[in-house]
Amino acid sequence: MTTPSAATPPTATGQVHDPAPAQAGAPGGRRGTLGPVGLVLAGGISVQFGGALAVTLMSRVGALGVVTIRLLVAAVVLMVLCRPRLRGHSRADWGTVIVFGVAMAAMNGLFYQSVARIPLGPAVTLEVLGPLTLSVLASRRAINLVWAALALAGVFLLGGGGFSGLDPVGVAFALAAGAMWAAYIVFSARTGRRFPQADGLALAMAVAALLFLPLGVLESGTKLLNPTTFALGAAVAVLSSVLPYTLELLALRHLPASTFAVMMSLEPALAATAGFLVLDQALAATEAAAIALVIGASMGAVRTQVGRGKVKKAGR
């Protein structure tokens with residue numbers, strides 16, 4: 001799983017992917033993409049329902065405890081599957097993967113602190129602003145001012161003109177998580193250029209897990225060792241990390257990047273659905289409209305970025 005550039009549209013987990021160009025244009029039309037589209041949808045649903053499960057688990061071990069279990073289990077699974085080589089890397093390589101791991105740990109920790117205070121749908125909507133801002137800045141096109149204005153309008157609606165309806169601390173955590181998501185994308189790209197396959201991801205996940213372990217132990221202590229709690233935390237790791245990575249990797253072998261990225265823009269809607277079904281978090285009309293505006297801005301930014309890439313490629 002490689003990460004070619006920071007300008008590549010992000011996935012639900014913050015990863016950026018580089019689908020094979022030859023396969024992206026493969027014959028078969030819409031019918032040929034139905035299978036991969038299903039895989040992407042399944043991955044997105046898995047991520048958001050994993051997040052909803054994590055919220056229910058917070059009463060047992062707290063937000064930091066949930067993140068600790070998730071990162072530990074995901075790190076073990078990825079290290080076993082990838083078996084990354086530890087020798088032969090430069091200091092710059094290790095520096096990049098460590099910063100990547102720090103960004104990953106901060107992104108997860110801040111996001112789970114957010115969903116402990118505000119509903120899942122609004123939290124994901126605010127978090128998406130990080131990658132959206134990165135996409136707008138990377139593109140440097142005037143049309144992206146429109147997408148930025150749409151996103152800001154969505155944020156204004158979401159906050160009822162001043163975030164009076166949402167916990168301001170939860171809002172701040174979500175926005176900070178979005179900033180870390182943007183940093184995650186940048187260093188994911190750099191790590192992908194320095195490490196083969198998903199080796200860099202596995203090593204960064206291990207770094208993130210080690211960084212978070214003291215925090216989880218400090219907050220939850222021996223509660224982390226409760227078999228039921230650990231099993232639920234492992235389920236969160238599988239639903240939110242391991243399964244989505246696998247499904248997205250399979251889908252990107254056959255799915256065009258533009259289709260994939262637009263589908264990832266639907267994450268706030270999937271999060272709101274998961275929050276409603278699992279956590280009974282209903283949305284007000286203004287909140288639903290806000291999420292729709294941010295989704296529209298994300299889709300527009302993605303389409304603009306993909307179109308810019310096609311123009312550059314045609315001009316070479």
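Keep in mind the model is a prediction, meaning the values are calculated, not measured.
- The heavy-atom pair separating Ala123 from Ala174 by the smallest distance is O-CB, 3.8 Å.
- Atoms CZ and CG, on Phe173 and Leu126 in that order, are 13.5 Å from each other to the nearest 0.5 Å.
- Summarising the geometry of Ala237 relative to Ala74, their closest heavy-atom pair is CB-N, 4.1 Å, with the distance given to 0.1 Å.
- Nearest approach of Ala204 to Met104, heavy atoms of both residues: CB-CE, 3.9 Å.
- Of the N and O atoms on the side chains of Ser90 and Asp93, at least one donor lies less than 3.5 Å from an acceptor on the other residue.
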Practice item. In sequence, state the C-alpha distance, the side-chain angles, and the governing distance for Met107 and Glu127, and then conclude on side chain to side chain contact (heavy atoms under 4.5 Å, CB included). Key: CA-CA 9 Å; Met107 177 184 68; Glu127 188 191 26; 4.0 Å; yes

Exercise for review: Show your reasoning for whether side chain to side chain contact (heavy atoms under 4.5 Å, CB included) applies to Leu224 and Thr229.
Suggested key: CA-CA 7 Å; Leu224 294 172; Thr229 299; 5.7 Å; no

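- Side-chain atoms of Glu219 come within 3.5 Å of backbone atoms of Leu64 as a donor-acceptor pair (strictly under, hydrogens ignored).
- Connection of Val97 to Leu86 is established within a shared hydrophobic cluster, with ILVMFWY side chains joined at heavy-atom distances below 4.5 Å, either directly or through further cluster members.
- Judged by distance alone, the side chain of Ser220 and the main-chain N or O of Val217 form no donor-acceptor pair under 3.5 Å.
- Between atom CG of residue Leu78 and atom CG of residue Leu203 there is a gap of 10.0 Å, rounded to the nearest 0.5 Å.
- Between Met180 and Ala103, the closest heavy-atom pair is CB-O, 4.2 Å.
- No path of Ile, Leu, Val, Met, Phe, Trp and Tyr side chains, each step under 4.5 Å between heavy atoms, connects Leu211 with Leu218, placing them in separate hydrophobic clusters.
- Separation of atoms CD (Gln113) and CE (Met58) is listed at 7.5 Å; rounding is to 0.5 Å.
- Rounding to the nearest 0.5 Å gives a distance of 4.0 Å between OG1 of Thr96 and CZ of Arg194.
- No path of Ile, Leu, Val, Met, Phe, Trp and Tyr side chains, each step under 4.5 Å between heavy atoms, connects Leu210 with Val77, placing them in separate hydrophobic clusters.
- Of the inter-residue distances, the one linking Leu239 atom CG with Ser46 atom OG reads 4.5 Å to the nearest 0.5 angstrom.
- Between Leu53 and Ala235, the shortest heavy-atom contact is CD2-CB, 3.9 Å.
- Rounding to the nearest 0.5 angstrom, the gap separating the CZ atom in Arg60 from the CD1 atom in Ile69 is 10.0 Å.
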Practice item. Report the C-alpha separation of Ser240 and Arg70 in whole Å, then their side-chain angles, then the decisive distance to 0.1 Å, and conclude whether the side chain to side chain contact (heavy atoms under 4.5 Å, CB included) test is met. Key: CA-CA 8 Å; Ser240 297; Arg70 173 186 169 177; 3.5 Å; yes

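- Shown are Phe187, Tyr184, Phe195; of these, the ring pair (Phe, Tyr, Trp, His ring centres under 6.0 Å) with Phe100 is made only by Tyr184.
- Across every non-hydrogen atom of Ala105 and Leu71, the tightest pair is CA-CD1, 4.5 Å.
- A donor-acceptor distance shorter than 3.5 angstrom exists from the side chain of Thr68 to the backbone of Phe212, with no hydrogens or angles considered.
- No continuous path of ILVMFWY side-chain contacts below 4.5 Å connects Val76 to Leu201, so the two sit in separate hydrophobic clusters.
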Practice item. Give the intermediate values and the outcome of side chain to side chain contact (heavy atoms under 4.5 Å, CB included) for residues Val236 and Tyr112. Key: CA-CA 12 Å; Val236 171; Tyr112 278 92; 3.8 Å; yes

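- With hydrogens and angles ignored, the 3.5 Å screen pairs no side-chain donor or acceptor of Thr191 with any backbone N or O of Gly200.
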